[in-house]
Amino acid sequence: MAEHPNKVAFEEGASYIFHNWTALKLAVEQEWGGIDSAEKREWLIDVIVDYFGKRGKKIDIEDIEDILIQVMNDEFNTTLEDDSPYLVAKHLVTLFNQCIQGNYSEVERLREKNKSQNSYVAASSCVKQGDDDSEDDDDDDNTDDQPEDEDEPMEETSKEPLVDEDGWEIVRRK
């Protein structure tokens, strides 16, 4: 039996919210919850979605916030001192209320935001790789363009320390 479209939309939106929550993202990336941190994040999403499914409209933001704080503490050994659990809980409640009314505009916004972030990450990694290569090429060009006689005094000065007029040793790059 297929799940209700409202539930599917809420699950998708909740997943986007949790994957973009900075504290949880760091906890997973840094494996604060152990090597299975990513699985714990997915488990948390399932727990929250189930909680909303059981409680329905009787959801309280503070209850969700307490669950998030408890799970972050117990599963990821993370004590959150910001208000992000409250903000995530509030976002989830807003999303849930929209989804049960058949309004998926927030899910669509989160989906588009996720797509643009993923394309930005892919583009920035390509640009970064390109920059790294060009920097390497520039460095190679600089060393090739230097006359050999400029390199020789550097070697000679590196053997004997240079001292300025105040008696301080001048340190030069090799």
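We're numbering straight along the sequence, starting at 1.
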Side chain of [X], backbone of [Y]: donor and acceptor closer than 3.5 Å?
| X | Y | value |
| --- | --- | --- |
| N73 | I69 | no |
| N114 | L110 | no |
| K40 | G33 | yes |
| H91 | L87 | no |
| T78 | F76 | yes |

Before accepting this row, confirm whether a basic side-chain N of the pair E11/K7 lies closer than 4.0 Å to the acidic partner's carboxylate O.
-> yes
R109/E106 ion pair, N-O < 4.0 Å =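 Yes, charged N to carboxylate O under 4.0 Å.
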Within-4.5 Å side-chain heavy-atom neighbours: [X] and [Y]:
| X | Y | result |
| --- | --- | --- |
| E108 | E12 | no |
| Q98 | Y104 | no |
| L92 | F18 | yes |
| T22 | S84 | no |
| I17 | V88 | yes |

Reported [atom1]-to-[atom2] distance for the pair [X] and [Y], which is rounded to 0.5 angstrom:
| X | Y | atom1 | atom2 | answer |
| --- | --- | --- | --- | --- |
| M72 | T79 | CE | OG1 | 9.5 Å |
| Q101 | N103 | CD | CG | 7.0 Å |
| E65 | I67 | CD | CD1 | 11.0 Å |

Relative to the ring of F52, is the ring of F96 parallel (under 30°), tilted (30 to 60°) or perpendicular (over 60°)?
->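 Aromatic pair F96/F52 classed tilted.
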Locate the shortest heavy-atom distance separating [X] from [Y]; write the atom from each residue and the value.
| X | Y | answer |
| --- | --- | --- |
| L68 | P85 | CD1-O, 3.5 Å |
| R41 | L24 | CG-CD2, 3.6 Å |
| D36 | E39 | CA-OE1, 3.0 Å |
| A23 | L80 | CB-CD2, 3.6 Å |
| C99 | V107 | SG-CG2, 3.8 Å |
| A89 | I64 | CB-CG2, 3.5 Å |

Evaluate the side-chain contact (heavy atoms from CB on, under 4.5 Å) criterion for residues E62 and K90: first the C-alpha distance (whole Å), next the side-chain angles of each, then the deciding distance (0.1 Å), finally the verdict.
-> CA-CA 9 Å; E62 286 77 21; K90 185 176 178 183; over 6 Å; no
Might you work through the side-chain contact (heavy atoms from CB on, under 4.5 Å) test for K25 and N20, ending with a clear yes or no?
-> CA-CA 7 Å; K25 189 186 291 189; N20 286 310; 4.1 Å; yes
Any chain of hydrophobic side-chain contacts (each under 4.5 Å) joining V8 to I48?
->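 As far as the 4.5 Å side-chain criterion goes, I48 and V8 are not connected within one cluster.
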After noting the C-alpha distance and the side-chain angles of W32 and N77, does the key distance pass the side-chain contact (heavy atoms from CB on, under 4.5 Å) rule?
-> CA-CA 6 Å; W32 294 344; N77 302 313; 5.6 Å; no
Report the C-alpha separation of K113 and Y16 in whole Å, then their side-chain angles, then the decisive distance to 0.1 Å, and conclude whether the side-chain contact (heavy atoms from CB on, under 4.5 Å) test is met.
-> CA-CA 9 Å; K113 180 180 174 183; Y16 291 136; over 6 Å; no
